[in-house]
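Each ligand, and each atom within it, is numbered from 1 in the order the structure gives.
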Amino acid sequence: MTMDLQAPSPAAPSPADTATAAGGRRLRERHFDVADKRVRVLLGEDVQDEMAETLGSLRADRFIVVTDDNVADVVAGKLAGALDAVAPTLLLSHPPGEEHKNLATLSRFVDLALDFGATRRTVVVAAGGGIPGNIAGLLAGLLFRGVRLVHVPTTVIAACDSVISVKQAVNTSHAKNMVGLYHPPELILVDLAVVALGSPRDLRSGTCETVKNALAIDPAQIPRLRRLLRRRADYTPADLGEIFDLSLAVKGRLLLADPYEKYSGLLLEYGHTIGHALELASTAHGAKEAALKHGEAVALGMVAAADVAHRMGLLDAADVAVHEELVDRAGVCRCLAAGIAPTTVLHHVAYDNKRGYRSCGGDEVAMVLLGALGKPLGADEHYLTPVPHAHVADAVHDLLRRGAQCPAAARGAEGHAAS
Ligand SMILES: NC(=O)c1ccc[n+]([C@@H]2O[C@H](COP(=O)([O-])OP(=O)(O)OC[C@H]3O[C@@H](n4cnc5c(N)ncnc54)[C@H](O)[C@@H]3O)[C@@H](O)[C@H]2O)c1
Ligand SMILES: [Zn+2]
């Protein structure tokens, strides 16, 4: 299957597709089309009341709000309180962190939802970052084989990336996102003022997925991204709205062509093969603050993927340098703190969830690689290229070597953002 990755398709969502009054005049409307469904996205600033009003119009018999303990305090608790005035509402909260995005949390939430009396008319509301969003997505996809799901994303990653998808999954100890299903959201509600409340580290991490889209799919976005990215992470809600529009333009186009992300949609996995392995290895390793955030891991994964492609003679040095430049502008450090063994990374890489899309040798892993910016290789093979493990290990060694020389890395990942 082929598609022109950079040309907007006629039905693609466009930033001009805006300003529809919906559920309150302060909400702007966007949409994307996926799996025979048009998903409405309503966004604005300081629009908590309008969001509760819009949710109220869904005629749910119950709401189940899934969140984490931080977001419960910031917004989800208040939203659940407002919804409770419309229909009985249950707030399900888990401690923050990747280690809670697992079957144990999901199973507990399924039981609590059924104890609460969930029916086919119940609406699951994911209020939070990508982690509660993925847990809620899977919960909604499994209950009665599918109840309505509304996303209320509160991080950049969630708003600009994870909710613009039908993929829902949780982790196992082997690898990230190993157990899941496809379930489209009914509606997405974004309060950009809430997203802007994220920590500087989460804001920086969040922009890396948008950097990924520009590098791998739409390099025409790079000049606008250079203007938007802020190392200090002092983003206004309006900046975040622009970053959202950049992401939606790319993801909306890919999802229209490949809703289940098995062909051109796999380009969204750029930087994720090594990135996911680093994320999982860093979560398992030592102190919680040393764990890499998803976007930080993807940033390192993209730098490593560019390095691998360069070692294989596929990508020139100038394009590798653009990777480094944009990650640096996003404020994310381009090196790896000591403590993660390349062998551990290779162990997780071997369980990458793209396994099986194309055949590979026993000492190879299938990765999305670029021949130039916006020019992914292997279009006939799910955009995947077999990479010898030795190149992956060399690229990880290189990140570690840089980390050994980096004062920020020595302070651990918490202080590891470029400053
Ligand atoms: N297609 C997909 O499903 C997809 C795509 C991209 C990422 N993901 C997943 O998303 C996850 C990462 O998402 P994330 O970075 O949002 O993680 P997250 O949900 O852990 O949120 C990051 C942190 O921000 C806090 N937080 C959330 N909203 C806040 C706010 N408004 N103010 C202050 N703090 C806030 C959270 O409590 C958490 O500590 C990963 O598990 C990744 O695999 C999934
Ligand atoms: Zn990602």
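The Zn ion (ligand 2) sits nearest to atom NE2 when only the N, O or S atoms of His272 are considered.
Shortest contact from atom 23 (C) of ligand 1 to any protein heavy atom: Asp202 OD2, 3.3 Å. With respect to atom 35 (C) of ligand 1, the closest heavy atom belonging to the protein is Val71 CG2, 4.3 Å. Looking from atom 8 (N) of ligand 1 to the surrounding protein, the closest heavy atom is Ser162 CB, 3.7 Å.
For Val194, heavy-atom contacts with ligand 1 shorter than 4.0 Å involve the backbone as well as the side chain. Of all the heavy atoms of Val75, none lies under 4.0 Å from any atom of ligand 1, so neither backbone nor side chain is involved. The proximity of Thr154 to ligand 1, defined as any non-hydrogen pair under 4.0 Å, involves the side chain as well as the backbone.
Screening Glu269, Glu98, Glu99 for a salt bridge (charged side-chain N to carboxylate O under 4.0 Å, His left out) with Lys176, the sole residue that qualifies is Glu98.
With respect to the salt-bridge test (charged N to carboxylate O, under 4.0 angstrom), the residues Arg227 and Glu242 qualify. Comment: Glu186 engages Lys37 in a salt bridge, judged by a side-chain N to carboxylate O separation of less than 4.0 angstrom.
For ligand 1, the polar-atom distance check finds an N/O of Ile131 within less than 3.5 Å of one of the ligand's N/O atoms. Residue Pro96 has no nitrogen or oxygen atom sitting less than 3.5 Å from a nitrogen or oxygen atom of ligand 1, judged on distance alone. Considering both main-chain and side-chain atoms, Glu98 comes within under 3.5 Å of ligand 1 through a nitrogen or oxygen pair. Of the polar atoms of Gly130, at least one N or O is found under 3.5 Å from an N or O of ligand 1, judged by distance alone. Residue Asp68 has at least one N or O atom closer than 3.5 Å to an N or O atom of ligand 1. Considering backbone and side-chain atoms alike, Asn134 places an N or O below 3.5 Å from some N or O of ligand 1. Distances between N or O atoms of Ser199 and those of ligand 1 include no value under 3.5 Å.
The closest approach between Gly128 and ligand 1 stays at or above 4.0 Å for every heavy atom of the residue. Residue-ligand proximity: Gly198 is placed with a non-hydrogen atom under 4.0 Å from ligand 1.
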**OP:** Would you please test Ser247 and Thr210 for side-chain hydrogen bond (donor to acceptor under 3.5 Å, both in side chains) and show each step?
**Re:** CA-CA 6 Å; Ser247 291; Thr210 310; 2.9 Å; yes
Original post:
salt bridge (charged side-chain N to carboxylate O under 4.0 Å, His left out) between Arg26 and Asp46: does it pass, once the steps are laid out?
Top reply: CA-CA 9 Å; Arg26 298 192 310 141; Asp46 296 312; 5.7 Å; no
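Here is the list of ligand 1 atoms found below 4.0 Å of a heavy atom in Gly129: 16 (O), 19 (O). The Pro132 neighbourhood of ligand 1 comprises atoms 19 (O), with distances under 4.0 Å to a heavy atom of that residue. Heavy-atom contacts of Ser165 reach the following atoms of ligand 1: 1 (N) (cutoff under 4.0 Å). Taking a cut-off of under 4.0 Å to the non-hydrogen atoms of Asp161, the atoms of ligand 1 that pass are 5 (C), 6 (C).
Ring geometry, His382 versus Tyr263: the interplanar angle falls under 30°, so the pair is classed parallel (tilted spans 30 to 60°). Taking the six-membered ring for Trp and thresholds of 30 and 60 degrees, Tyr182 and Tyr260 have ring planes more than 60 degrees apart, a perpendicular arrangement.
Heavy-atom contacts from other residues, nucleotides or ligands closer than 6.0 Å to CZ of Arg232 number 12 or fewer.
Of the candidates Gln168, Lys176, His100, it is Lys176 that places a heavy atom closest to atom 42 (C) of ligand 1. Looking at Lys101, Glu279, Lys167 and measuring to atom 41 (O) of ligand 1, the nearest heavy atom belongs to Lys101.
Residue Glu209: an N/O/S atom is found under 2.8 Å from the Zn ion (ligand 2).
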